[in-house]
Amino acid sequence: MGGFFGTVSQKECVADLFYGTDYNSHLGTRRGGLAAYDSQNKNFTRSIHNLENAYFRSKFEPGLSRFAGATSGIGVISDTDAQPLVLHSHLGRFAIVTVAKVNNIEELVRQLLNENCHFAELSSGKINQTELVALLLIQGKTFREGIENVFRHIDGSCSMLLLTEDGIIAARDEWGRTPIVLGKKEGAWAATSETTAFPNLDFETVRDLGPGEIVRLRADGVEVIRPASNHQQICSFLWVYYGFPTSTYEARNVEDMRYENGRLMAEEDNEANDVDCVCGIPDSGVGMALGYAAGLKKPYRRTISKYTPTWPRSFTPSNQEMRSLVAKMKLIPNRDMLRGKKVLFCDDSIVRGTQLRDNVGVLFEDGAKEVHMRIACPPLIYGCPFIGFTSSKSDMELITRRVIQELEGDAHKNLERYADVSTPEYERMTELIRQRLGLTSLKFNKMETLVKAIGLPKCRLCTHCFDGTGCCGLKEETKE
Ligand code: SF4
């Protein structure tokens, strides 16, 4: 997905920019970048590093003195392209970072090349989608017009921060799928994907930007350039998986939601009465498991732990084989606590299921008597066209689709029935997944329980990957 942070201050802002961006590190794994503006010398400075095998801080700290004197800046942790880009345009000089997924990239590139535009940046040999966004943006006569042009043309989603010579422009994606939250402290304002960036930098959360809203932040305040629209589809997976526990979007805290999600799910679980304990798969399964344990009135036990000192979450090799190995090496079962125990585990989701299957095998080998699995969300049946939450090239990588293929002879057949918890198809799919993973029992969360735990009306949430719907149960064709 990716995350960003921007701040503008009456004083030098480099430390806030550095740590604020770093606090978005869990949202991306590929590139990190900073751009800052020194208003006295009227100078933009930019730096980009590969984060595939190192922490953001270790890569950027040695070169931080280059940014000295800057009073505004933007930073990004990107899951896709190298950013920020710095442009000299008819709108003035500006730097841009995006959290985006552009599905119609080839069509837009063709269109722009036909209009005699060119692409300068190469991102792993591909078109840099932030550059594509920048080219669409500078077609407008104003920043507002340019951003609206981006919203109009992009199939997918795009939130962005622009560092200009007159403050920072923050624009939240047209449907509000990814968050941008504003914060302030004396003499400074900030915009971030994750509010986790705020407390230690002394920023107070002020408000979330609304869907499609555009604002300009200056050190002394916020100017609304484009008001929010009234249709919202914030990603429900932010609470389930992406978000850091201390973050809050739309006034709903991530850890609090996870706890409540587990507690509500446990209250409906009549197959777990004789488990010995509950354990979360680190990291995103832990909050849910604490709630589950409370709901079941069973002890929470860390029968599996993550070895964090040398395995940062951001270390995710692009090669699937290496990824599986790293995933396995990071999690360490506690044999002394597993032996002879019936354990109920909580995890955020099942995508391909390969890693989970291996983990389950290890848990049994290490002496667990029963391994029950509870998943924080409904089965993932549709790929994500909006933020790219998996690196899956095709929906067929989802375990649900492989099982549907097996059951129906066609991976695209009756998907609506497989997404409906009340159907025999749903039962059959869940049972087959349980068997494939070697679990004692398996339950996915119900959509109603997930929505209740988040606490927003369903029509304000994107639940597309679970039920294929866009807005209020309509297919996603309401977009212009
Ligand atoms: S499809 Fe799923 S992961 Fe993608 S934005 Fe919607 S809820 Fe989030």
Side-chain angles (χ1 to χ4, degrees), residues 235-237 240-241 261-262 264-272 275 281 284-285 288 292 320 324 344-361 363-364 370-386 389-453 458 461-470 473 475-476:
C235 170
S236 47
F237 227 59
V240 169
Y241 168 71
N261 198 31
L264 290 171
M265 218 180 142
E267 279 178 359
E268 297 171 354
D269 192 344
N270 45 20
E271 285 176 42
V275 300
I281 306 283
S284 33
M288 172 192 174
Y292 221 103
Q320 176 61 43
S324 305
L344 183 145
F345 289 92
C346 293
D347 205 354
D348 52 73
S349 57
I350 303 178
V351 182
R352 296 174 191 81
T354 39
Q355 185 188 328
L356 186 54
R357 189 192 56 214
D358 294 347
N359 288 343
V360 173
L363 293 168
F364 277 117
E370 292 180 4
V371 177
H372 304 263
M373 189 62 64
R374 301 296 180 260
I375 303 297
C377 60
L380 296 165
I381 291 185
Y382 302 84
C384 168
F386 309 117
F389 82 91
T390 69
S391 53
S392 300
K393 302 268 181 304
S394 105
D395 292 356
M396 275 310 286
E397 289 185 28
L398 298 169
I399 192 169
T400 50
R401 290 299 188 102
R402 296 204 308 273
V403 163
I404 293 169
Q405 169 75 40
E406 208 174 316
L407 290 168
E408 300 277 355
D410 178 351
H412 309 282
K413 201 170 167 191
N414 292 329
L415 296 186
E416 278 161 29
R417 292 191 61 77
Y418 284 98
D420 179 350
V421 69
S422 66
T423 63
E425 284 86 349
Y426 178 96
E427 289 292 323
R428 276 203 295 273
M429 176 185 69
T430 307
E431 170 56 16
L432 208 50
I433 295 174
R434 183 196 72 73
Q435 288 174 19
R436 295 285 173 274
L437 300 178
L439 292 160
T440 312
S441 77
L442 168 67
K443 275 186 194 292
F444 291 93
N445 203 356
K446 287 187 198 149
M447 179 71 78
E448 297 74 34
T449 310
L450 175 68
V451 170
K452 190 172 173 192
K458 182 170 185 295
L461 294 169
C462 178
T463 55
H464 175 88
C465 48
F466 314 123
D467 60 11
T469 57
K475 290 279 177 192
E476 188 60 28

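If you read the sequence from its start, that first residue is 1, and numbering goes on from there.
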Dump the intermediate steps for side-chain contact (heavy atoms from CB on, under 4.5 Å) on K458 and T463, then the final yes or no. CA-CA 8 Å; K458 182 170 185 295; T463 55; 3.2 Å; yes
Given side-chain contact (heavy atoms from CB on, under 4.5 Å), test M265 with F444 step by step and report yes or no. CA-CA 9 Å; M265 218 180 142; F444 291 93; 5.8 Å; no
Pairwise distance CZ(R357) to CD(Q355) - rounded to 0.5 angstrom: 11.0 Å
Any chance you could measure K443, atom NZ, to D269, atom CG, to the nearest 0.5 Å? 5.5 Å
Main-chain N/O of C462 paired with S236 side-chain donor or acceptor, under 3.5 Å: yes
Is the closest side-chain heavy-atom distance between H464 and T469 below 4.5 Å? no
Measuring from atom CZ of F345 to atom CG of N359, what distance do you get when rounded to the nearest 0.5 angstrom? 9.0 Å
Is any side-chain N of the basic residue among R417 and E408 closer than 4.0 Å to the acidic one's carboxylate O? no
Looking only at heavy atoms, the pair that brings L415 and Y382 closest together is CB-OH, 3.4 Å
Nearest non-hydrogen partners of I350 and L380, listed with the distance: O-CD1, 3.5 Å
To the nearest 0.5 angstrom, please state how far the CG atom of D410 sits from the CZ atom of R401. 9.5 Å
Donor-acceptor pair, distance only, cut-off 3.5 Å: does the side chain of T423 make one with the backbone of Y426? yes
Looking only at heavy atoms, which two atoms of F466 and P378 are closest? And how far apart? CD2-O, 3.4 Å
Test your reading of the model: is there a side-chain donor-acceptor pair from T440 to the backbone of H372, 3.5 Å cut-off? no
Nearest non-hydrogen partners of A272 and L344, listed with the distance: CB-CD1, 3.6 Å
Taking salt bridge (charged side-chain N to carboxylate O under 4.0 Å, His left out) as the test, write out the residues that go with K446, two or more places apart. E268
Identify the heavy atoms of A376 and V240 that sit nearest to each other, and give their distance. CB-CG1, 4.0 Å
Under the 3.5 angstrom rule, does the side chain of R352 hit a backbone N or O of I399 as a donor-acceptor pair? no
Is the closest side-chain heavy-atom distance between F237 and C384 below 4.5 Å? no
Distance col, row I404:CD1 vs N414:CG, nearest 0.5 angstrom, shows 8.5 Å
Do any N or O atoms from the side chain of R374 and from the backbone of D347 form a donor-acceptor pair under 3.5 angstrom? no
Which atom of R402 lies closest to which atom of M396, heavy atoms considered: CG-O, 3.2 Å
Walk me through whether M288 and N445 qualify under side-chain contact (heavy atoms from CB on, under 4.5 Å). CA-CA 11 Å; M288 172 192 174; N445 203 356; over 6 Å; no
Is the shortest heavy-atom distance from the side chain of R436 to the side chain of I433 under 4.5 Å? no
Carboxylate-amine/guanidinium contact R434 E431, below 4.0 Å: yes
Please round to the nearest 0.5 Å and tell me the distance separating atom CD1 of I375 and atom CD1 of I281. 8.5 Å
Using atom types as modelled and distance alone, determine if a side-chain donor or acceptor of R428 lies under 3.5 Å from a backbone N or O of Y418. no
Decide side-chain contact (heavy atoms from CB on, under 4.5 Å) for L398 and V351; before the verdict, give the C-alpha distance in whole Å, the side-chain angles of both, and the deciding distance to 0.1 Å. CA-CA 5 Å; L398 298 169; V351 182; 3.9 Å; yes
